[in-house]
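Positions are given from 1 along the sequence.
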Amino acid sequence: MGTFYNIEKIYYMILVIIGVPVNLVAIVILSRGKCGLSTCTTRYLVAMAMADLLVIITDVMLWRNFYYYIPRTFLRITPVCSVIAVLMCAASDCSVWFTVAFSFDRFVAICCQKLKINYCTKKTAALVLATTCILLCLKNIPFYFIFEPAWIIDNIPWLCYDKPSYYTEPGWVGFDWFNTILTPLLPFVFILLLNTLTVKHIFVASRVRKGLRGQSKGENRSDPEMESRRKSAILLFSISGSFILLWLVYVIDFLYYSITGTNPYYHTDSFNIFRRVGVMLLNLSCCTNTFIYGVTQSKFREQVKRTVKYPVTSIIQLMNK
């Protein structure tokens with residue numbers, strides 16, 4: 001476990017170094033609205049990047065890195081770290097459910113042309129994102145009460161340890177099930193279902209449009225509508241696929257300790273490592289979307305290049321003057 005602890009320590013530091021700037025870059029570039037995406041899509045992607053950034057700050061930086069590198073700080077006082085835990089869980093939930101909201105928006109845009117006119121608007125996107133954020137923040141308030149201090153020094157409680165009752169009392173067990181069903185089990189189901197329906201619709205629509213356009217096997221005419229849908233689908237599948245893969249280990253671990261009824265903190269070293277790897281991967285999911293945009297969206301890559309070149313060109317211009 002000592003070797004794994006050191007790996008984990010370095011991993012989370014690297015995650016902060018990478019995660020904060022890449023999400024900031026995504027927020028700045030997407031907010032400009034010059035990536036060839038609709039305003040509706042842009043709002044969802046910006047919201048996802050902001051939620052991911054908050055996860056990196058609260059979970060990785062304040063919760064983990066401060067524990068590893070600055071263990072004795074006011075952030076380790078029980079009421080303070082309890083608040084951080086609430087913010088951390090709310091940010092993680094928002095990151096996941098904003099992905100679901102984005103997946104549903106793209107499903108409507110691709111598969112439901114009549115509903116698309118009224119649903120795929122920037123006003124609807126703002127309403128969906130705001131409502132989702134408020135409800136998830138309220139849902140996570142109980143997390144403040146699941147902790148107890150490791151010790152009390154000069155009447156000050158230190159550290160946040162899960163109460164043993166969290167894994168035994170029916171109320172807390174029910175809340176734990178509700179919390180994990182809500183994030184990420186339901187998102188898993190919704191994303192897989194939406195992606196399946198979207199793929200099916202694209203496949204059927206492609207065959208129909210080819211028939212209507214009179215394309216034979218030897219012809220290769222371009223179809224702007226299908227090309228637009230293809231690019232939208234690639235972005236959707238890349239984001240949702242990354243989410244599913246990186247959360248999978250965490251879900252498997254939850255199902256195991258929920259079915260067996262054991263406290264995960266009493267597992268053997270191998271099970272603890274498996275559990276902690278699951279947490280490492282789900283935190284990594286907060287850094288991947290920006291790279292996905294760069295791979296799948298040519299205009300996003302152009303904006304990144306311009307952003308990187310701008311300080312250099314500015315310095316050169318100043319030197320020439």
Novice: If the test is side chain to side chain contact (heavy atoms under 4.5 Å, CB included), which one of L236, I234, L235 qualifies with S238?
Specialist: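 Only one of L236, I234, L235 forms a side chain to side chain contact (heavy atoms under 4.5 Å, CB included) with S238, namely I234.
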Novice: Take Y250 and D253, measure what side-chain contact (heavy atoms from CB on, under 4.5 Å) needs, and give me the verdict at the end.
Specialist: CA-CA 5 Å; Y250 176 85; D253 175 74; 5.6 Å; no
Novice: Check whether R301 reaches the backbone of G294 with its side chain - one donor and one acceptor, N or O, closer than 3.5 Å.
Specialist: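 Present.
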Novice: Would you list the pairs meeting disulfide bond (SG atoms under 2.5 Å apart) in which at least one residue belongs to residues 55-89, sequence neighbours left out?
Specialist: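 Pairs touching residues 55-89 that pass the test: C81-C160.
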Novice: Would T132 and C94 count as a side-chain contact (heavy atoms from CB on, under 4.5 Å) if you check the C-alpha gap in whole Å, the side-chain angles of each, and the deciding distance to 0.1 Å?
Specialist: CA-CA 7 Å; T132 302; C94 286; 5.7 Å; no
Novice: Backbone N or O of V86 within a donor-acceptor pair of the Y144 side chain at under 3.5 Å?
Specialist: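 Here the side-chain-to-backbone pair does not exist.
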Novice: More than 12 foreign heavy atoms under 6.0 Å from CE of M50: is that the case here?
Specialist: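 Incorrect, the count does not exceed 12.
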Novice: Is the side chain of Q303 donor-acceptor paired with the backbone N or O of K299 at a distance under 3.5 Å, no angle test?
Specialist: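 Answer holds: no.
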Novice: How are the rings of W63 and F147 set relative to one another: parallel (under 30°), tilted (30 to 60°) or perpendicular (over 60°)?
Specialist: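 The rings of W63 and F147 sit tilted, inter-plane angle from 30° to 60°.
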Novice: For atom NZ of K34, is the number of surrounding heavy atoms from other residues, nucleotides or ligands below 6.0 Å larger than 12?
Specialist: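 No, the 6.0 Å shell around NZ holds no more than 12 heavy atoms from other groups.
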Novice: Could you verify whether a donor N or O on one side chain and an acceptor N or O on the other, from N179 and K139, lie under 3.5 Å apart?
Specialist: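 A pair is found: one side chain offers a donor N or O, the other an acceptor, under 3.5 Å apart.
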Novice: Between L45 and I239, does a side-chain contact (heavy atoms from CB on, under 4.5 Å) hold up when you go through it step by step?
Specialist: CA-CA 10 Å; L45 297 183; I239 292 175; 4.0 Å; yes
Novice: What do you reckon, are the aromatic ring centroids of F274 and Y256 less than 6.0 Å apart?
Specialist: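 F274 vs Y256: aromatic centres not under 6.0 Å.
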Novice: Given 3.5 Å as the limit, does a donor-acceptor pair link the side chain of T296 with the main chain of I292, or not?
Specialist: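 Answer holds: yes.
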Novice: Between N283 (side chain only) and V279 (backbone N and O only), is there a donor and an acceptor less than 3.5 Å apart?
Specialist: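 Here the side-chain-to-backbone pair exists.
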Novice: Students often mix this up, so state it plainly: with edges at 30° and 60°, are the rings of W172 and F175 parallel, tilted or perpendicular?
Specialist: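 Perpendicular, since the angle between the ring planes exceeds 60°.
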Novice: Check whether S38 reaches the backbone of T41 with its side chain - one donor and one acceptor, N or O, closer than 3.5 Å.
Specialist: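 Confirmed, S38 side chain pairs with T41 backbone.
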Novice: Would N65 and V60 count as a side-chain contact (heavy atoms from CB on, under 4.5 Å) if you check the C-alpha gap in whole Å, the side-chain angles of each, and the deciding distance to 0.1 Å?
Specialist: CA-CA 6 Å; N65 278 354; V60 182; 4.3 Å; yes
Novice: Does any donor atom in the side chain of T121 or T124 lie under 3.5 Å from an acceptor atom in the other side chain?
Specialist: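 Side chains of T121 and T124: pair found under 3.5 Å.
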Novice: Could you verify whether a donor N or O on one side chain and an acceptor N or O on the other, from Y166 and D176, lie under 3.5 Å apart?
Specialist: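 Yes, because at least one side-chain N or O of Y166 sits under 3.5 Å from a partner of the opposite role on D176.
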Novice: Under 6.0 Å from the CG atom of L138, do we count more than 12 heavy atoms belonging to anything else shown?
Specialist: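 Atom CG in L138 is crowded, with more than 12 foreign heavy atoms closer than 6.0 Å.
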Novice: Are side-chain N/O atoms of T198 and R106 paired as donor and acceptor at under 3.5 Å?
Specialist: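 No, no side-chain donor-acceptor contact under 3.5 Å.
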Novice: Do T78 and W158 have a side chain donor and acceptor closer than 3.5 Å?
Specialist: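 T78 vs W158: no donor-acceptor pair found between side chains.
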Novice: Parallel, tilted or perpendicular, judged at 30° and 60°: which one describes the rings of Y5 and Y68?
Specialist: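 Rings of Y5 and Y68: perpendicular, as their planes differ by over 60°.
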Novice: Can a donor-acceptor pair be found between the side chains of S92 and S95 at a distance below 3.5 Å?
Specialist: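 No, because no side-chain N or O of S92 sits under 3.5 Å from a partner of the opposite role on S95.
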Novice: Is the side chain of D59 donor-acceptor paired with the backbone N or O of R64 at a distance under 3.5 Å, no angle test?
Specialist: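 No, because the side chain of D59 does not come within donor-acceptor range (under 3.5 Å) of the backbone of R64.
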Novice: Taking K122's backbone N and O only, do any of them form a donor-acceptor pair with R43's side chain (distance below 3.5 Å, no angle check)?
Specialist: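 Flag set: sc R43 to bb K122 pair under 3.5 Å.
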Novice: Among residues at least two apart in sequence or on other chains, which ones pass ring-ring contact (aromatic ring centres under 6.0 Å, His included) with F178?
Specialist: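 F178 satisfies ring-ring contact (aromatic ring centres under 6.0 Å, His included) with no other residue.
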